Amino acid sequence: MKLPINTLALLLAAAGFTVGCQQDAAVDGSAFPADTTLRAPQRFADIQAAAGARADATLTADHFTGDRLNSLGLTKLDAMVADDDDAEPMSVYVNLPDSPRAETRRAAVRAYLVDAGLRDNQIDIQTGTNPQSKQLASFAAAKLYKPTENGFVAADGDALSSAAPAAMDAAPIPTAK
C-alpha cells in the first residue's frame, strides 16, 4: 500500500513541476515600458533634486554665462519651480553681491521665472546666500550618534538610549574585546 501512495506523490510532484515551468508566451521585450516612460526611481530622484534645489535656492556665478543663465542655472531654476510644496513666494538668492553684472543677472532670473509661469508677486530675489542653508560642520557632527553598551550617545555626550530608532535598539551592539 505504501508503493502506490509514494508513486502517486511522485507523479503529482512531477506534474506540478511540469505545469509550473511552462510559459504561455515568449518574452520579446514588448512587456517592458518604453525608454521614455518615467519610472519610479527616476521620479523619486527628480522629486529629491527639486526639493534640494528649492532648499538651497542659491545661484552663483557658475549658473551664468555673461548676463544670461546657462544650462546649469536653467536646470536649477526648473527644479525649483517643479518643487511646488513650499509656500510662496519662491525665494531665489543670487550670490553675486559685488559683481557689476549682479542686477542684470537678477533681472534674467526674474524674466526666466515669469516665462516659467510664475507671477511677479510669487518671486522673491535676494542678494547673497540663503541663510537657511548654512550651518557649521561642528553642529552637524554633534548630532552623530555612537552606539554604547547602554544605548546611543551623541558626539556631544548626550545620552540617547530612549530616542534611538527602534531598529537600532533591537540590534545587538558589538563590543570590543
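The shown structure was predicted, so the numbers you read here are calculated from the model rather than taken from an experiment. Residue numbers run from 1 in the order of the sequence given.
In this structure, Met80 is not a member of the same hydrophobic cluster as Tyr93, with clusters built from ILVMFWY side-chain heavy atoms closer than 4.5 Å. Hydrophobic clustering (ILVMFWY, side-chain heavy atoms < 4.5 Å, transitive): Leu118 and Val114 are in one cluster. With hydrophobic clusters built from ILVMFWY side chains whose heavy atoms lie under 4.5 angstrom apart, Met90 shares a cluster with Leu74.
Listed here is the closest heavy atom pair of Ala49 and Ala79: O-CB, 4.2 Å. The two residues Ala57 and Asn130 come nearest to each other via the heavy atoms CB-ND2, 4.0 Å.
No donor-acceptor distance shorter than 3.5 angstrom exists from the side chain of Asn95 to the backbone of Thr58, with no hydrogens or angles considered. Counting only distance, with no hydrogens or angles, the side chain of Gln42 and the backbone of Arg39 share no donor-acceptor pair below 3.5 Å. Remark: side-chain polar atoms of Thr75 are not paired, donor with acceptor, to backbone N or O of Gly73 under 3.5 angstrom.
Take Asp67 and apply the salt bridge (charged side-chain N to carboxylate O under 4.0 Å, His left out) test, not counting sequence neighbours, and it matches Arg101.
Note: Leu96 CG to Thr127 OG1 = 8.5 Å, rounded to the nearest 0.5 Å. The CG atom of Leu69 lies 6.5 Å from the CG atom of Leu59; values are rounded to the nearest 0.5 Å. Within the model, atoms CG of Asp115 and CG of Leu77 stand 11.5 Å from one another, a figure rounded to the nearest 0.5 Å. Residue His63 holds its NE2 atom at 11.5 Å from CZ of Arg105, rounded to the nearest 0.5 Å. Taken to the nearest 0.5 Å, the CG atom of Asp120 stands 10.0 Å off from the CG atom of Leu113.
When the shell of 6.0 Å around CD of Gln122 is examined, it contains more than 12 heavy atoms from other residues, nucleotides or ligands.
With contacts defined as side-chain heavy-atom distances shorter than 4.5 Å, the pair Tyr112/Asp78 qualifies.
Defined by atom type and a distance below 3.5 Å, a donor-acceptor pair is present between the side-chain atoms of Gln126 and Asp124.
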